[in-house]
2 protein chains.
Amino acid sequence: MPMGTSRTGAAVATARKQVSRTGRVAAAPRMGTKLPVNEILIGDCIAALEKLPAESVDLVFADPPYNLQLEGALMRPDHSRVDAVDDAWDQFASFAAYDAFTRAWLLAVRRVMKKNATLWVIGSYHNIFRVGTALQDLNFWILNDVVWRKTNPMPNFRGKRFTNAHETLIWASRSPDAKGYTFHYDAMKAANEDVQMRSDWLFPICTGEERLKDTEGRKVHPTQKPEALLARIMLASSNAGDVVLDPFFGSGTTGAVAKMLGRNFIGCERDLTYADAARARIAAVEPVDPEALKAAPEKRSEPRIPFLSVVEGGMLRPGEVLTDARGRHQAMIRADGRLSLGPAIGSIHKIGALAQGLPACNGWTFWHADRGGERVCIDSFRAQLRASMSAA
Amino acid sequence: MPMGTSRTGAAVATARKQVSRTGRVAAAPRMGTKLPVNEILIGDCIAALEKLPAESVDLVFADPPYNLQLEGALMRPDHSRVDAVDDAWDQFASFAAYDAFTRAWLLAVRRVMKKNATLWVIGSYHNIFRVGTALQDLNFWILNDVVWRKTNPMPNFRGKRFTNAHETLIWASRSPDAKGYTFHYDAMKAANEDVQMRSDWLFPICTGEERLKDTEGRKVHPTQKPEALLARIMLASSNAGDVVLDPFFGSGTTGAVAKMLGRNFIGCERDLTYADAARARIAAVEPVDPEALKAAPEKRSEPRIPFLSVVEGGMLRPGEVLTDARGRHQAMIRADGRLSLGPAIGSIHKIGALAQGLPACNGWTFWHADRGGERVCIDSFRAQLRASMSAA
DNA sequence: GGTAGGGTTGAATCGGGGA
DNA sequence: ATCCCCGATTCAACCCTAC
């Protein structure tokens, strides 16, 4: 056992006979092996998992390398350099190599999952499709894909794509016939203002106090996940006292949240720097009273309504002319959701400012449409749309 | 040509020689073949696409089937039913059949895509991971995954999962080196309250007036997509006059929105009931005013104005001192349109970079001149000059 | 084909100075 | 003391054209 490991709740499980459902040859189950919990196993997760008894963990959270295919350096418009994930652990020679890696760790994980255990994997478009395909091929059963919407994503610096503002999680059970998995439907519903918890979750990225820094103020791990995300996952799909496995432990968010919520964890991590930081972090965690978490309300933000949505929704028609309240200024709605005023084209705000010769303008309150001879402020269309979209 | 097909804007394209970039043997290009637009091609999309000229469409939207059990293409060769979801072999056979089907239509689509065309595919967790993997394996290049968040999703009735409240779209270019694809960054940003459009979009599902019903009030198509979704896609990634292909045309949302937005469409559909409903639907569509669709000047392709022209035009005087926005750096304008900073002489960009100690700098936005006590960005002089030149 | 010009960033945290 | 504003910093990465 590595030095300095905190054992918040020692537990032991006995391995049951492993039944291979895939027809593949699996490592022989280690009957009677003890299950080390609340420890970080140093080394490659596949090797580490082989030493654990089969069918012994209740929940898995995996944040595998994303296999980002980066080429040159990315600069911000001010020519500062974006701190890239250029670590060796994220480099793979090919999609085939990444797929082989993915299948290997998924099989190693499946062996230690209890029959009714479930697995969460997080990824981006670089890797998540390959993970999802591997899961299906290996006879895992996908229960949901869940989208983590970031309140504060990194912008797109080149103006060539949409801002990459989300990551995808896949939630899967061990096999299609494993129907007895844990899902706290009522708790999720209660936490979501008494409507069913949806498959799109809104959280900020991990910054500020929560973000682990080294003595020189640099981030310890490039991709530290927010604790709120892990808390949602554990509250939804595990029980107090359960064993939660994280085969790519990194900075230890899974361990920290597990301790906080009264779960046991097992982490695998190859990098000693990460593992040391994670141990210190987890040691400082104060477990919370589970009662206090029950009604943790979903953070909700007033949805930003693009003017384009009002046009796409048919409330205003491209080609229609907008005026100000007294009909002194005019502009035409373009199909793309911008306005044109003479040769100028821009947002409702920019064109409103231009019309008045002001530096800024709230286009929502400035522009009006003709509805049966009455000038109707376009903000009323936004209000209608908000009301119809409040369900989300 | 199928009866009843509306031809809103007959167009003809000539096939260019197809260069296979994948090393696969492709069907021989059909030189001189005419491109039928604003029509629905009846039959299997793979067969229909083979009759089209190579490299002839600008945008593809595909909503492929993902019901593994019910689609003819996914039956076993002996037409026996694939059942027993817990049978691993059947699972695998079923996925393998779906993958073969996916690769086949993707290759057929790729052949007719222009070099800089892009492709959108929509799906759910049942199929989207397989589609994404196939796209990467076939050397498409994923630009974004986009999440359509539904304001009014179908609730989860069993209470065993999260409400499936989104679908996933993948946006991909034809190959990693196809960098010249269409993306209306400025339009998307202006239409989204002057911040970059994100990868998560919020739309209601298709209901009410928009939803096609048969004479008995039943919905014509089970998965009719909202027009707003297609409008966002076409406005972001195509131009007026472009050809938009939909290989799984269904109820014809792609065609209806294409006609509305001044694009041409090509649809493939096997089911005559769907095709008939789509034709009638599209015939009733009123295109928007072409004025509202006019191409806006893209910043990247505006004519280049030499800084010297601004000096020659008298808007800045040789000898005048420029500063940055906060007055921390200074440089003097030379009569030859270069700046001098101490002993250094160079372009506005080079001297701006030098002043800040950066590798590069946009001198147009960095340097300011004093006009009546106000610091005025020199880019505004360029804008004036551009305006006066375009007027001529 | 190499080089240079000219495009391209939103939300949040944190620290310091002034009201 | 407290608040507010401003500037610096940071976050799973993302270019094209003209000469």
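Sequence lines set the chain letters: A, B, ... in the order given, protein chains first and strands last, and positions in each chain run from 1.
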* Asked: Distance between the P atoms of dA4(C) and dA13(D), in whole angstroms?
  -> 30 Å
For DNA chain D, consecutive-pair runs of 3 or more (Watson-Crick or G-U wobble, both H-bond-type distances under 3.5 Å) give C:2-6 with D:15-19, C:10-19 with D:2-11
When rounded to whole Å, the CG to C1' distance for the pair Asn116(B) and dC15(D) reads 13 Å
Asp379(B) atom CG is separated from dG5(C) atom C1', nearest whole Å, by 13 Å
Quick note, Arg386(B) side chain, CB onward, closest among dC14(D), dG7(C), dG10(C) is dG7(C)
Expected list for residues 124-133 of chain A near DNA chain D, using heavy atoms below 4.0 Å, is Tyr125(A), His126(A)
In whole angstroms, the gap separating P of dC15(D) from CG of Leu70(A) amounts to 10 Å
Quick note, salt bridge (Lys or Arg N to Asp or Glu O under 4.0 Å) partners involving residues 342-370 of chain B, not counting sequence neighbours, are none
Base, sugar-phosphate alone, or nothing: which one does Ala73(A) contact when heavy atoms must sit under 4.0 Å apart? base
Practice problem: Using the P atom on both, measure dG7(C) against dC14(D) and round to a whole Å. | Solution: 23 Å
Here the salt bridge (Lys or Arg N to Asp or Glu O under 4.0 Å) pairs for residues 81-96 of chain A, sequence neighbours left out, are Asp83(A)-Lys219(A)
Would you measure the distance from the P atom in dC11(D) across to the matching atom in dT8(C) and give it in whole Å?
24 Å
Here the distance between atom C1' of dG7(C) and atom CG of Asp186(B), to the nearest Å, is 10 Å
For this session: Under 4.0 Å between any heavy atoms, over every strand shown, what does Gln196(B) touch: base, sugar-phosphate, or nothing? Just pick one.
Result: sugar-phosphate
Residues Met315(B) and Gln384(B): closest non-hydrogen pair is CE-OE1, 3.0 Å
Residue pairs meeting side chain to side chain donor-acceptor pair (under 3.5 Å), one or both in residues 68-77 of chain A, sequence neighbours left out, come to Arg76(A)-Ser80(A)
Sorted by chain and residue number, the side-chain hydrogen bond (donor to acceptor under 3.5 Å, both in side chains) partners of Thr168(A) (sequence neighbours excluded) come out as none
Are Phe248(A) and Trp105(A), when compared by the centres of their aromatic rings, separated by less than 6.0 Å?
yes
Do any side-chain atoms of residues 59-68 of chain A form donor-acceptor pairs under 3.5 angstrom with protein atoms, and if so which ones, sequence neighbours left out?
| residue | atom | partner | partner atom | Å |
| --- | --- | --- | --- | --- |
| Asp63(A) | OD2 | Lys225(A) | NZ | 3.1 |
| Tyr66(A) | OH | Glu167(A) | OE1 | 2.4 |

Original post:
Under 4.0 Å between a side-chain N/O of Asn156(A) and OP1 or OP2 of dC14(D), yes or no?
Top reply: no
Sorted by chain and number, sequence neighbours left out, salt bridge (Lys or Arg N to Asp or Glu O under 4.0 Å) with Lys213(A) holds for none
In whole angstroms, the gap separating C1' of dA13(D) from CG of Asp145(B) amounts to 14 Å
(message) Over all strands shown, is Glu209(A) touching base, sugar-phosphate only, or nothing at heavy-atom distances under 4.0 angstrom?
(response) sugar-phosphate
query: Short question: side chain of Arg161(A), backbone of Leu143(B) - any donor-acceptor pair under 3.5 Å?
result: yes
Check your understanding: Expressed as a whole number of Å, how far does the C1' atom of dG7(D) sit from that of dT9(C)?
Key -> 16 Å
Here the side chain to side chain donor-acceptor pair (under 3.5 Å) pairs for residues 337-348 of chain B, sequence neighbours left out, are Asp336(B)-Arg338(B)
Next on the checklist: Check for me whether the distance between the ring centres of Trp171(B) and Phe183(B) falls short of 6.0 Å.
Outcome noted: yes
For Arg198(B), which contact category applies under a 4.0 Å heavy-atom criterion: base, sugar-phosphate, or nothing? nothing
Polar atom pairs between nucleotides 8-12 of chain D and protein, under 3.5 Å, N or O only, would you list them?
| residue | atom | partner | partner atom | Å |
| --- | --- | --- | --- | --- |
| dC11(D) | OP1 | Lys219(A) | NZ | 2.9 |
| dC11(D) | OP2 | Lys219(A) | NZ | 2.9 |
| dC11(D) | O5' | Lys219(A) | NZ | 3.3 |
| dC11(D) | N4 | Arg76(A) | NE | 3.2 |
| dC11(D) | N4 | Arg76(A) | NH2 | 3.4 |
| dA12(D) | OP2 | Arg211(A) | NH1 | 2.9 |
| dA12(D) | OP2 | Pro222(A) | O | 3.3 |
| dA12(D) | N7 | Tyr66(A) | OH | 3.4 |
| dA12(D) | N7 | Lys225(A) | NZ | 3.3 |
| dA12(D) | N6 | Pro64(A) | O | 3.0 |
| dA12(D) | N1 | Tyr66(A) | N | 3.1 |

Margin query: Is there a side-chain contact between Lys160(A) and the phosphate of dG7(C), meaning an N or O under 4.0 Å from OP1 or OP2?
Written below: no
Whole-Å distance, Arg81(A) CZ to dA13(D) P, equals 13 Å
Per nearest nucleotide of DNA chain C, the residue lying toward the 5' end, Val195(B) or His79(A), is His79(A)
Arg304(B) atom CZ is separated from dC19(D) atom P, nearest whole Å, by 7 Å
For residues 375-384 of chain B, the salt bridge (Lys or Arg N to Asp or Glu O under 4.0 Å) pairs (sequence neighbours left out) are Asp379(B)-Arg382(B)
Heavy atoms under 4.0 Å, any strand shown: does Thr365(B) hit a base, just sugar-phosphate, or nothing? nothing
Between NE2 of His184(B) and P of dT8(C) the distance, given in whole Å, is 15 Å
The salt bridge (Lys or Arg N to Asp or Glu O under 4.0 Å) partners of Glu216(A) (sequence neighbours excluded) come to Arg218(A)
Provide the distance between the two P atoms, one in dC15(D) and one in dA11(C), to the nearest whole Å.
-> 23 Å
>> At 4.0 Å (heavy atoms only), tell me whether Gly180(B) reaches a base, stays on the sugar-phosphate, or touches nothing.
In response: sugar-phosphate
